[in-house]
Amino acid sequence: MKIKFFYLLILIFLSASNIFARGNIDFSTETLNGDDIEFSEINKKGPTLVSFWALWCKPCRAEMKHLEKLYKKYSDKGFTIIGINQDSPRSVAKVKSYVSSHKITFPIVTDSNQEIFQMFNGQSIPLTVLFNKDGKIVYKHTGYLPGDEKKIEVELLKTFEKTN
């Protein structure tokens, strides 16, 4: 009985891992501005970067300004970023204020119950995941150090090369 249970757990883990590896992730939610977004619809237009972050996370805030620069540089080519904030529901006003004062123009959503974060098997933030236009994960990184934005840009440029 224990052996069957063990194999069942392995099978469940492998199927969950395969879903994540193939990039079969989709979610619908509302942005801070009140717009409804669906990941799969956004991703059809071009590469999409999903960034999990929080106000209390200093590396997250440092990464956000670099992500905004990438967004401005490549959004005309179909590149989109979805920032997924992990702060508590009580912090939504502070999140809106931060986004406004730092002139972040890509869509920001809140995920205070961490449902979306769990879909991505998130363990810690910042968590950055880049999908190509076909919905496949081409880059995944946890944490942020200065220079990581260059790695993201290199991977982004590779996705543009492969679609041309």
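Only heavy atoms go into these numbers, but all of them, side chains included; no hydrogens, no water, no symmetry mates.
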Closest heavy-atom contact between D134 and N43? C-OD1, 4.2 Å
Say you draw a straight line from CZ of R61 to CE of M64; how long is it, rounded to the nearest 0.5 Å? 11.0 Å
Hey, could you give me the CD1/CG distance between I116 and D111, rounded to the nearest 0.5 Å? 4.5 Å
Closest approach of F39 and I25, non-hydrogen atoms and distance? CD2-O, 3.3 Å
I'd like to know if the side chain of S101 and the backbone of V99 have a donor-acceptor N/O pair within less than 3.5 Å. no
Could you give the distance from NZ (K133) to CZ (F160), rounded to the nearest 0.5 Å? 10.0 Å
W53 ring center near Y144 ring center (under 6.0 Å): no
For residues L145 and L130: do they belong to one hydrophobic cluster (side chain heavy atoms under 4.5 Å, members Ile, Leu, Val, Met, Phe, Trp, Tyr)? no
Atom pair NE2 (H102) and OG (S100), whose distance is rounded to the nearest 0.5 Å: 10.5 Å
Nearest-0.5 Å distance, CD of residue E115 to CG of residue N113: 4.0 Å
Taking all non-hydrogen atoms of both residues, which atom of L127 and which atom of G122 are closest, and how far apart? CD2-CA, 3.9 Å
Test item: side-chain donor near acceptor, Q123 and T142, under 3.5 Å: no
My understanding is that only one of I84, I37, D36 makes a side-chain contact (heavy atoms from CB on, under 4.5 Å) with T29; could you say which? I37
Once side-chain contact (heavy atoms from CB on, under 4.5 Å) is applied, do any residues pair with K151, and if so which ones, sequence neighbours excluded? Y139, D148
Provide the closest heavy-atom pair for L67 versus S51 in the form atom of the first, atom of the second, distance. CD1-OG, 3.5 Å
Quick one: which residue pairs count as a salt bridge (Lys or Arg N to Asp or Glu O under 4.0 Å) with a foot in residues 41-53, not counting sequence neighbours? E41-K44
Electrostatic pair K158-E155, nearest N-O below 4.0 angstrom: yes
For the backbone of Q86 and the side chain of Q114, can you confirm whether one donor and one acceptor N or O come within less than 3.5 Å of each other? no
Strictly by modelled atom types, are D35 and N33 linked by a side-chain donor-acceptor pair under 3.5 Å? no
Could you tell me whether a side-chain N or O of N85 sits under 3.5 Å from a main-chain N or O of D87, the two making a donor and an acceptor? yes
Identify the heavy atoms of V109 and T31 that sit nearest to each other, and give their distance. CG1-CA, 3.8 Å
Please list every donor-acceptor pair under 3.5 Å in which a side-chain atom of residues 69-82 meets a protein atom from a residue at least two apart or in another chain.
residue: K73; atom: NZ; partner: E153; partner atom: OE2; Å: 2.8
residue: Y74; atom: OH; partner: E153; partner atom: OE2; Å: 2.5
residue: S75; atom: OG; partner: Y71; partner atom: O; Å: 3.1

Between T128 and the options E63, K140, E149, the side-chain hydrogen bond (donor to acceptor under 3.5 Å, both in side chains) test singles out E63
Hey, what do you get for OG1 (T110) to CG (L32), rounding to the nearest 0.5 Å? 6.0 Å
